[in-house]
Structure formats: structure tokens, C-alpha cells
Amino acid sequence: MLDVVVIGAGQAGLSAAYHLVRMGFRAYDEVVVLDRNPAPGGAWQHRWNSLTMHDVHGIANLPGVPVPVSAGPERANAFVPGYFADYERRFELPVVRPVSVESVRRIDGGFLVQTSVGAYETAALVNATGTWDRPFIPWYPGIETFRGRQLHTADYRGAAELAGQQVLVVGGGASAVQLLAEISAVASTTWVTRRPPEWRTGEDFTPEYGRQVVARVEERVRAGLPPRSVVSVTGLHLRPQEQEAAERGVYTRLPMFTRIIPEGVEWSSELGSANAGGGRVLKVDTILWATGFRADLAHLAPLHLREPSGGIRMNGTATAADPHLHLVGYGPSASTIGANRAGFTAARSLRTLLRPEPTAVSA
């Protein structure tokens with residue numbers, strides 16, 4: 001039986017693996033990292049080609065090796081995976097790929113991890129599967145009737161494939177803001193969100209504000225509530241590369257439509273062009289759902305961790321139900337900086353749990 005299985009080799013998983021090995025767990029013999037991807041890079045290798053290092057919202061250093069200096073125009077889906085690949089080699093981290101984890105069940109003394117290549121038994125588990133493989137598209141009446149194209153941020157490959165179209169971008173997050181800027185340069189865009197966007201300036205993002213944000217997210221997961229999106233807590237920020245789009249009026253937002261129809265979307269209020277039924281419609285070619293992701297935790301379902309509220313009750317990085325099971329990259333550790341810290345916290349907690357220091361006996 002292994003001591004620790006880490007699921008996922010993104011930022012959080014690599015951080016946890018690094019610290020576990022540094023703390024004395026032997027690579028492959030006592031700790032392994034199972035990664036479903038065919039190559040290093042986590043979710044970064046799947047991002048669209050037009051996303052450059054100039055566009056990303058910052059990449060935190062992995063422990064022990066800083067992010068290489070970037071000139072800006074490098075493709076993020078090549079630059080970051082290259083950094084991760086070098087990191088795995090440098091520290092000889094025990095990553096096994098491609099391995100898809102299908103389920104995790106409790107057994108005497110730990111967990112049985114069933115995978116696409118067989119089963120692993122382990123005393124403890126660090127889950128670092130992130131969110132990329134669980135894109136979220138909300139249901140709206142008529143969604144199945146739309147005759148155009150629907151795609152999620154996870155499916156987006158660049159503005160060129162949307163050139164000349166009427167594109168509806170749905171969602172109030174940072175990805176929507178970024179994609180609107182580049183798509184609007186080659187297509188006609190309309191932006192809809194459930195709530196009016198809350199804009200903030202760079203001066204708003206102080207260290208104290210960051211601590212408050214993390215505390216609010218921690219409070220939710222400690223209570224067993226589902227984590228809220230980062231933007232719902234932090235608000236939106238326009239970067240210099242998006243200012244030109246703002247000046248063109250790209251970020252004029254409309255409220256959510258009432259329903260989806262074969263040729264577009266319809267509001268019951270006075271928006272769009274009148275149709276025969278008295279509603280207001282907007283004809284669109286493509287609906288781009290920039291509606292975020294959900295935590296990729298389906299393989300943990302046999303453990304029955306979810307509260308009636310839908311969240312998982314947490315105590316730091318450990319689940320409240322079992323201190324041998326840690327979720328890194330979940331809740332307050334969903335950012336790259338938070339993921340690094342969570343990796344260290346989980347590793348330290350498991351070392352204490354699995355290898356307690358002997359108690360000194362007084363004479």
C-alpha cells in the first residue's frame with residue numbers, strides 16, 4: 001500500500017508532490033501522482049492558441065523554481081506546460097500518465113483508487129483535479145432548439161473561427177471580458193450577464209483585500225457550502241489590452257435573455273428586434289458560454305463527501321470527514337498562488353498524520 005496518491009499534475013498536484021518528496025516520502029514507492037493528461041502542463045495545455053503570457057492573470061512560481069522570464073507573446077498553452085515539464089524532470093517527481101481515475105472508495109486502512117490502468121491502494125489521498133474537465137453550461141428554456149453553434153470557453157480555439165459572425169457571449173467573469181476584446185475585433189458581439197458587472201481598479205487589489213477574499217471563500221467551504229466563483233467575490237478588472245475594446249463599447253452589458261430560440265435568443269422585455277410574438281429577439285450565429293467550471297470531483301462520489309447544500313465541508317485543505325483526504329485547488333486554494341500553499345499544507349498535514357514524531361519519554 002502506498003502512503004499517498006496525488007490525483008492531478010497541475011499547479012496544486014505538483015506542489016503537493018514536491019513537498020511530499022522533500023518531506024521524506026519516497027517517489028513511486030510511497031507516493032505517486034496520477035495524471036490523466038498525455039503530457040505535462042495540466043489544464044494549460046488545452047487553452048486556446050491566442051492566449052499569450054501577456055494575457056494571463058499571472059502564474060505563481062512552483063516551489064523551488066521560479067517561472068521563466070516571459071517576453072509576453074509566447075503562447076500560454078506551450079510556455080506553461082514547458083515550465084511544468086521541466087519542473088517534473090528537475091525534481092524527478094513520480095508522475096504516472098496518462099492515467100484516468102475512475103473512482104475512489106474506502107478500504108481498511110485507506111482508499112482504493114480505481115483507474116484506467118488498474119487499482120492503487122493508499123493510506124492517504126491528495127485530490128488536485130481542478131475544474132477544466134467540468135465546464136458548466138446553465139440550462140435555459142429552448143437551449144436544445146438553437147440551430148447555430150454553442151461552445152464553452154473550454155472549446156474556444158481563437159477568434160478567427162468566429163470571424164464575421166454575430167456572437168453572443170454569456171458570463172460575467174474574467175474570461176468573458178478577455179474573449180469579448182479579441183472576438184469583437186473580427187465579429188459582432190453582444191454581452192449578457194445575470195448580474196451587472198462590478199468593476200474594480202488595480203488600486204482595489206491590496207494584500208488586505210486579497211486576505212478578505214480568501215477568508216470569505218474559506219468561510220463557505222468550512223460550512224460545507226459550494227465555493228463561489230472568484231469574480232463573484234473580487235469583481236472585474238480591465239487590463240490595458242482591453243481598454244481599446246472598452247472604448248468601442250464592447251462591454252455594454254445586457255441582462256440575461258428569457259429563452260433560447262432556433263435563430264437566437266429572446267427577452268420578454270424591450271430588447272433586440274421585435275418578433276411576431278411580441279417579445280424581443282437577437283439573431284446570433286454562435287453562443288459562447290463563458291460560464292465557468294465546477295470542481296472535478298465525480299470520482300470521489302463513492303465517499304459521500306457532499307453536504308445537502310452541495311458543497312464539501314473542509315478543515316483547511318483536509319475534508320472534515322477524513323483528515324487523510326485533502327482537496328487542493330478547491331475553494332480558497334483555487335488560484336495558482338493558493339494551490340501552491342495548499343500543496344505544502346496538505347503535505348505537512350499528511351506527514352504529521354502518517355509519520356508522527358515519537359514522543360519523548362522522561363526519565
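Here the side chains of Leu350 and Val126 are in contact, with some heavy-atom distance below 4.5 Å. Trp267 has its side chain out of reach of Val281: every pair of non-hydrogen atoms, C-beta onward, lies at least 4.5 Å apart. Pro94 has its side chain within reach of Val31: a pair of non-hydrogen atoms, C-beta onward, lies under 4.5 Å apart. Counting heavy atoms from C-beta outward, His326 and Ser349 have side chains that approach closer than 4.5 Å. Counting only heavy atoms from C-beta outward, the side chains of Leu62 and Phe84 approach each other to under 4.5 Å. When side chains are defined from C-beta on, Phe257 does not count as touching Ser268, because their heavy atoms never get closer than 4.5 Å. Side-chain contact between Leu179 and Leu288 is present, with at least one heavy-atom pair separated by less than 4.5 Å. Between Val169 and Ser184, the closest side-chain pair of non-hydrogen atoms is not below 4.5 Å.
To the nearest 0.5 angstrom, Glu244 atom CD is 12.0 Å from Gln241 atom CD. Between the OG atom in Ser116 and the CD atom in Glu102 there is a gap of 6.0 Å [rounded to 0.5 Å]. Distance CZ/Arg97 to CD/Glu88: 4.0 Å, rounded to 0.5 Å. In this structure, CD1 in Ile287 is found 11.0 Å from OH in Tyr140, a value given to the nearest 0.5 Å. If you take CE on Met314 and CG on Leu305, they are separated by 9.0 Å, rounding to the nearest 0.5 Å. Considering CD1 of Ile261 and CZ of Arg147, their distance stands at 9.0 Å, rounded to 0.5 Å.
A salt bridge links Arg313 and Glu307; the closest N-O separation between the charged side-chain nitrogens and carboxylate oxygens is under 4.0 Å. In this structure, Arg157 does not pair ionically with Glu161, as no charged nitrogen and carboxylate oxygen lie closer than 4.0 Å. Salt-bridge annotation for Lys283 and Glu266: absent, with no side-chain N of the basic residue lying under 4.0 Å from a carboxylate O of the acidic one.
Each of Leu14, Val33, Val32 was checked for a side-chain contact (heavy atoms from CB on, under 4.5 Å) with Leu93, and the lone residue meeting it is Leu14. Among Thr122, Leu354, Val4, the one residue that satisfies the side-chain contact (heavy atoms from CB on, under 4.5 Å) test with His324 is Leu354. Just one of Thr189, Asp285, Thr190, Thr286 meets the side chain to side chain donor-acceptor pair (under 3.5 Å) condition when paired with Gln166; it is Thr190.
Checked by atom type, the side-chain pair Asn49/Arg75 shows a donor-acceptor distance below 3.5 Å. With no hydrogens or angles considered, no side-chain donor-acceptor pair links Asp322 and Thr319 at under 3.5 Å.
Contacts of Val56 classified as side chain to side chain contact (heavy atoms under 4.5 Å, CB included), with partners at least two apart in sequence or in another chain: Trp44, Leu51, Met53, Ile59, Ala76. Residues passing the side chain to side chain donor-acceptor pair (under 3.5 Å) test with Ser70, sequence neighbours excluded: Glu74.
Pairs of residues two or more places apart, or lying in two chains, that qualify as salt bridge (charged side-chain N to carboxylate O under 4.0 Å, His left out) and include a residue from residues 19-31 are Arg26-Asp29, Arg26-Glu30, Glu30-Arg355. Residue pairs satisfying the ring-ring contact (aromatic ring centres under 6.0 Å, His included) criterion with at least one member in residues 168-193, sequence neighbours excluded, are listed as follows: Trp191-Tyr251.
Judged by distance alone, the side chain of Tyr330 and the main-chain N or O of Thr129 form no donor-acceptor pair under 3.5 Å. Judged purely by atom type and a 3.5 angstrom limit, Gln45 uses its side chain to pair as donor or acceptor with the backbone of Gly42. The closest donor-acceptor contact from the side chain of Glu121 to the backbone of Phe111 lies at 3.5 Å or more, if one exists at all. A side-chain donor-acceptor contact under 3.5 Å links Gln150 to the backbone of Ile143. Under a 3.5 Å cut-off, the side chain of Asp55 and the backbone N or O of Thr52 do form a donor-acceptor pair. Remark: the backbone N or O of Pro240 is not paired with any side-chain donor or acceptor of Gln243 at under 3.5 angstrom. A distance-only check finds no donor-acceptor pair linking the side chain of Ser15 to the backbone of Ala12 [under 3.5 Å]. With Asn77 contributing its side chain and His46 its backbone, the two residues share no donor-acceptor pair below 3.5 Å.
Taking all atoms of both residues into account, the shortest heavy-atom contact from Ile183 to Tyr156 is CG1-OH, 3.6 Å. Considering all non-hydrogen atoms of both residues, Pro197 and Arg253 come closest at CD-CD, 3.8 Å. Minimum interatomic distance between Gln165 and Ala187 (heavy atoms only, all atoms of both residues): O-CB, 3.3 Å. Minimum heavy-atom separation, Leu238 to Trp199: CG-CZ3, 3.6 Å.
Within a 6.0 Å radius of CZ in Arg106, other residues, nucleotides and ligands contribute more than 12 heavy atoms. At most 12 non-hydrogen atoms from other residues, nucleotides or ligands lie less than 6.0 angstrom from CD of Glu92.
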*Using the side chain to side chain contact (heavy atoms under 4.5 Å, CB included) rule, take Leu125 and Ile7 through it: C-alpha gap first, then chi angles, then the decisive distance, then the call.*
CA-CA 8 Å; Leu125 192 73; Ile7 305 176; 3.8 Å; yes
*Show your reasoning for whether side chain to side chain contact (heavy atoms under 4.5 Å, CB included) applies to Trp289 and Leu151.*
CA-CA 6 Å; Trp289 297 94; Leu151 68 158; over 6 Å; no
*Would you check, one step at a time, whether the test side chain to side chain contact (heavy atoms under 4.5 Å, CB included) holds for Tyr18 with Asn340?*
CA-CA 10 Å; Tyr18 167 87; Asn340 280 345; over 6 Å; no
For residues 291-303, which side-chain N or O atoms pair as donor and acceptor with protein atoms under 3.5 Å away, sequence neighbours left out?
{"unit_1": "Thr291", "atom_1": "OG1", "unit_2": "Phe136", "atom_2": "O", "d": "2.5"}
{"unit_1": "Asp296", "atom_1": "OD2", "unit_2": "Arg36", "atom_2": "NH1", "d": "3.0"}
{"unit_1": "Asp296", "atom_1": "OD2", "unit_2": "Arg36", "atom_2": "NH2", "d": "2.9"}
{"unit_1": "His299", "atom_1": "NE2", "unit_2": "Asn127", "atom_2": "OD1", "d": "2.6"}

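Under the 4.5 angstrom side-chain criterion for Ile, Leu, Val, Met, Phe, Trp and Tyr, the cluster partners of Ile107 are Met1, Leu112.
No continuous path of ILVMFWY side-chain contacts below 4.5 Å connects Met23 to Leu20, so the two sit in separate hydrophobic clusters.
Checked against a 6.0 Å centroid threshold, the rings of Phe91 and Tyr87 count as neighbours.
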